[in-house]
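The structure appears below as structure tokens.
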Amino acid sequence: DGESGEAIACLQHVTNGTLEGGDAMSSDDGASLKAYAMYLQGKWLASGMSDSARNVLEHYLRPAAEAMAAEAMAALAEGDVSDDVRAAGHKAKLACRANFHLAALASRAYRNAAERETTGEGRAVIEARQMRRRALDSAKQRLSERGAKMEQATKVMLNRKIRNLENTVKLDAEEETTEISVKRDLLHAAAAGYARAMKLGDAYDLSA
């Protein structure tokens with residue numbers, strides 16, 4: 001609705017480091033507010049499914065949660081008077097929440113990515129890749145065993161087929177590598193987020 005749109009626009013201004021009227025925030029006063037604004041914006045995007053989980057993690061929740069955790073840990077280490085202790089405790093609570101939400105989203109995205117591989121569509125993709133690799137191996141073997149006796153036109157067509165299959169298999173391998181890398185990054189983000197949340201507080205039951 002309109003109010004939500006205005007709120008998100010305000011968060012975007014803070015995330016971009018500007019205040020009303022275009023004035024820039026000072027680095028000292030604005031860093032904490034910017035990190036918290038990024039966290040809120042990422043949480044809103046994740047809850048509304050208005051952006052991909054990976055984009056929300058990489059551009060909002062991960063940088064926000066890491067920055068908030070670093071600031072909270074520094075405040076906890078330096079706080080030596082009552083006001084400082086209360087402020088540090090508040091920062092730790094917010095950072096714990098941000099890192100838990102980061103970890104929960106990353107964990108959910110990892111499970112979704114892993115489960116997609118077991119669906120009919122996912123299995124079809126895997127089987128198609130395997131078929132193309134087998135077809136390439138078969139074509140190369142045929143050329144190796146019978147190439148010397150082939151007619152020139154047949155040999156040209158077989159070489160063209162091999163080149164096309166090699167290009168496709170190369171793209172398949174790149175896609176597989178990307179998929180593995182994405183899942184590994186999601187798993188790492190989840191583990192790191194849960195670990196930071198455990199360090200910063202006990203608001204969530206992470207014993208399991």
Side-chain angles (χ1 to χ4, degrees), residues 3-114 181-208:
E3 291 183 356
S4 295
E6 290 180 8
I8 293 302
C10 179
L11 289 174
Q12 288 174 336
H13 280 301
V14 176
T15 300
N16 293 333
T18 58
L19 300 170
E20 186 177 358
D23 297 328
M25 294 185 294
S26 69
S27 58
D28 292 338
D29 295 335
S32 179
L33 183 59
K34 180 178 179 180
Y36 189 58
M38 289 176 68
Y39 159 60
L40 291 177
Q41 194 173 354
K43 185 180 175 185
W44 180 83
L45 289 169
S47 65
M49 299 300 290
S50 54
D51 208 340
S52 71
R54 191 180 179 196
N55 186 60
V56 172
L57 286 166
E58 291 304 313
H59 294 98
Y60 297 95
L61 289 183
R62 191 201 296 257
E66 290 177 350
M68 291 170 69
E71 183 183 12
M73 294 299 289
L76 289 170
E78 295 174 3
D80 56 0
V81 296
S82 59
D83 288 344
D84 290 341
V85 170
R86 281 195 293 270
H90 181 65
K91 288 180 179 179
K93 183 178 179 180
L94 293 178
C96 176
R97 184 181 304 160
N99 277 278
F100 181 84
H101 287 149
L102 159 68
L105 179 61
S107 179
R108 185 165 65 249
Y110 172 81
R111 288 196 303 271
N112 290 340
S181 177
V182 167
K183 287 191 295 183
R184 183 174 59 244
D185 289 346
L186 290 171
L187 198 58
H188 180 268
Y194 283 132
R196 286 192 296 267
M198 290 179 69
K199 281 186 178 181
L200 290 162
D202 56 1
Y204 302 95
D205 181 9
L206 303 176
S207 58

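Sequential numbering from 1 along the given sequence is applied to the chain's residues.
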### Message
Take a 6.0 Å sphere around NZ of Lys183 and say whether it holds more than 12 heavy atoms from other residues, nucleotides or ligands.
### Response
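Yes, enclosed.
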
If you look at every heavy atom in [X] and [Y], which pair is closest and at what distance?
{"X": "Leu200", "Y": "Ala95", "result": "CD1-CB, 3.6 Å"}
{"X": "Ala35", "Y": "Ala67", "result": "CB-CB, 4.0 Å"}
{"X": "Ser107", "Y": "Ala190", "result": "N-CB, 3.8 Å"}
{"X": "Ala65", "Y": "Leu102", "result": "CB-CD2, 3.8 Å"}
{"X": "Tyr39", "Y": "Met68", "result": "CB-SD, 4.0 Å"}
{"X": "Asn99", "Y": "Ala69", "result": "ND2-CB, 3.6 Å"}

### Query
With a 4.5 Å heavy-atom cut-off, do Leu45 and Leu61 have their side chains touching?
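A side-chain contact under 4.5 Å is absent here.
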
### Query
Between Phe100 and Tyr194, is any pair of side-chain heavy atoms under 4.5 Å apart?
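Yes, their side chains come closer than 4.5 Å.
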
#### Entry: Pair listing, salt bridge (Lys or Arg N to Asp or Glu O under 4.0 Å) test, anchored in residues 59-71, at least two apart
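Residue pairs with at least one partner in residues 59-71: Glu58-Arg62, Glu71-Lys91.
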
Measure the spacing between [atom1] of [X] and [atom2] of [Y] and express it to the nearest 0.5 Å.
{"X": "Arg97", "Y": "Tyr36", "atom1": "CZ", "atom2": "OH", "value": "6.0 Å"}
{"X": "Leu40", "Y": "Lys43", "atom1": "CG", "atom2": "NZ", "value": "7.5 Å"}
{"X": "Ser52", "Y": "His59", "atom1": "OG", "atom2": "NE2", "value": "9.0 Å"}

